[in-house]
Colleague: 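A single structure is presented below for examination.
Residue numbers begin at 1 in each chain, while the letters A, B, ... track the order of the sequences. All of these numbers come straight from a predicted model, not from anything done at the bench.
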2 protein chains.
Amino acid sequence: MEWKSTLEPREDVLRAAGWLFTTQGYTSTSTREIAAAAGLRQGSLFHYFKRKRDILAELLDRTVDFPMGLHARLAEMNLEPEVKLYLLSRGDVSNILAGAHNLGALTLLPEVRTGEFASFWEKRSQVRDAYRVLIEAGIASNVLDDLELDLATDLVFGLIESTITWFDRSSMRGREEVAEATASAALRVVLRDSGDLDRIRQAANLPGDWVVRSGASKDGESPSPAASRLLPIRSARQGHRA
Amino acid sequence: MEWKSTLEPREDVLRAAGWLFTTQGYTSTSTREIAAAAGLRQGSLFHYFKRKRDILAELLDRTVDFPMGLHARLAEMNLEPEVKLYLLSRGDVSNILAGAHNLGALTLLPEVRTGEFASFWEKRSQVRDAYRVLIEAGIASNVLDDLELDLATDLVFGLIESTITWFDRSSMRGREEVAEATASAALRVVLRDSGDLDRIRQAANLPGDWVVRSGASKDGESPSPAASRLLPIRSARQGHRA
DNA sequence: GTCTATAATATGATAGAC
DNA sequence: GTCTATCATATTATAGAC
């Protein structure tokens, strides 16, 4: 299997950088490597991104687009908070596991956790807040246990995102299977009676699986990691001499 | 509050590097920075460590010492598997949160996840296996739900270690409070009847709190992060000229 | 829009004086 | 055991030709 260029150099750069940043780290990845993997020369990167960190910033912003959209769609639906919590969790995990390269891992880069990238962290805290509000409502209606709200939110959100660190894309386990199991586990953490889980799962499947489908990254554009590390997406462009 | 030298330069180097690696990342931290924070000159580092990565390797190895020891001590005790699982989880989290700098975050560095540092990953997989065996036994005795074993292990272990990413050392929340809540949450993920939790908690407190205490890093050597970033632990050594 | 060439700087590691 | 000095190399970003 081989990379295919989007014919959009800018997208090729983002895809190459996404792969390299998540596997090697930000500082360890040189602009030369990114350019080579995108079929460009080092200097040409700066036609599309003024600085290296702008590439990272754009990739980071994209990681929150899906959960934000999912949250917005759920907000318009008439469902119990615990059912929404299940659907948000399952969709969020499914999306995290979806792409070819583990983009969620960008969040864990030390360079990202330094107070820079404030606009990203702002959006991200809105995602956390979506969880928090649902948990709060579930506690109010007595379906969820009366735990300290912020601690419960950290535990649930932490469990969801832990999939970033342990899911193995080369394993046999299916993405939807893991998403389902993780969402169920998240609910068990906060549920007063874990026997409610069956009811919640059923209620979640009634609206159809549109929630999971509608915004998730398309599969199938997975590169062969081993190959893509060395080969450029496409051969170098015309220019004077390659 | 101010750093105090151990008078053991080698330990000072490790402490400084631990702080810098976890906050800035490995590649982003220069040997000059480490040396300065440890009260040495750049070249002098290489008297204690042949290469930069040896500093990281030693720090990594130390992060598994505590859970390995705890596991060994629990193995000798006569307790139900679910009680051991609770004690292992609580002690593990308590230790993760204990040190002044979030050493667990070293595990998440992209440079560490590249197949190098094999001896560390070997030991780490033994820790995961300790969880796995306890979960397996709990399923066999019908106290834990009959989930797929490896998936359940990933969820539990992932939840435990998620504290690395979300616990805020500057917050008001106490370390033992979070350890207790996280261990309880981990059990709820796998417990057949979450009503068992009270019994487990009580059984866990009978052997005394020796498990949590005996090996945990001593608190109180916390540096002021803001200050320590710029100030050396101690002023430069005698040498010819500083 | 892509290339080549280069500036300005930072890096890990070594050699050798004391 | 610590320092100074230095080597060889790699880095991001810019300038200017085509």
Colleague: Within the structure, does a side-chain N or O atom of B:His47 lie under 4.0 Å from either OP1 or OP2 of D:dG1?
Modeller: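 Yes, B:His47 has a side-chain N/O under 4.0 Å of OP1/OP2 on D:dG1.
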Colleague: Round to a whole Å and report the spacing from CG of A:Leu56 to C1' of D:dT12.
Modeller: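 Rounded to whole Å, this separation is 15 Å.
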Colleague: Tell me the interatomic distance from A:Leu40, atom CG, to C:dT4, atom P, rounded to whole angstroms.
Modeller: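 My rounded result for the distance is 11 Å.
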Colleague: Going through the checks in order, is the side chain to side chain donor-acceptor pair (under 3.5 Å) test met by B:Asp92 and B:Tyr131?
Modeller: CA-CA 11 Å; B:Asp92 204 353; B:Tyr131 282 88; 2.8 Å; yes
Colleague: Side-chain contact, heavy-atom cut-off 4.5 Å: B:Ser89 with B:Val93?
Modeller: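 A side-chain contact is absent here, since even the closest heavy-atom pair is not under 4.5 Å.
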Colleague: So, B:Ser125 versus B:Trp121: side-chain donor-acceptor pair below 3.5 Å or not?
Modeller: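 No, no side-chain donor-acceptor contact under 3.5 Å.
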Colleague: How long is the line joining CZ of A:Phe49 and C1' of D:dT12, in whole Å?
Modeller: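 Rounding to the nearest Å, CZ of A:Phe49 and C1' of D:dT12 are 16 Å apart.
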Colleague: With salt bridge (Lys or Arg N to Asp or Glu O under 4.0 Å) as the rule and sequence neighbours excluded, what pairs involving residues 153-167 of chain A come up?
Modeller: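 Listed once each, the pairs are A:Arg124-A:Glu161, A:Arg128-A:Asp154, A:Asp154-B:Arg173.
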Colleague: Which residues pass the side-chain hydrogen bond (donor to acceptor under 3.5 Å, both in side chains) test with A:Ser28, not counting sequence neighbours?
Modeller: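 Residues passing side-chain hydrogen bond (donor to acceptor under 3.5 Å, both in side chains) with A:Ser28: B:Thr27, B:Glu111.
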Colleague: Scan nucleotides 5-13 of chain C nucleotide by nucleotide, 5' to 3', and note B when protein non-hydrogen atoms come under 4.0 Å of the base, S if they reach only the sugar-phosphate, - if neither.
Modeller: ------BBB
Colleague: Measure CZ/B:Arg41 against C1'/C:dA17 and give the value in whole Å, please.
Modeller: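 It works out to 16 Å between those atoms.
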Colleague: Quick check against the 3.5 Å criterion: does B:Arg132 have a side-chain atom that pairs as donor or acceptor with the backbone of B:Val127?
Modeller: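 Such a contact is absent between B:Arg132 side chain and B:Val127 backbone.
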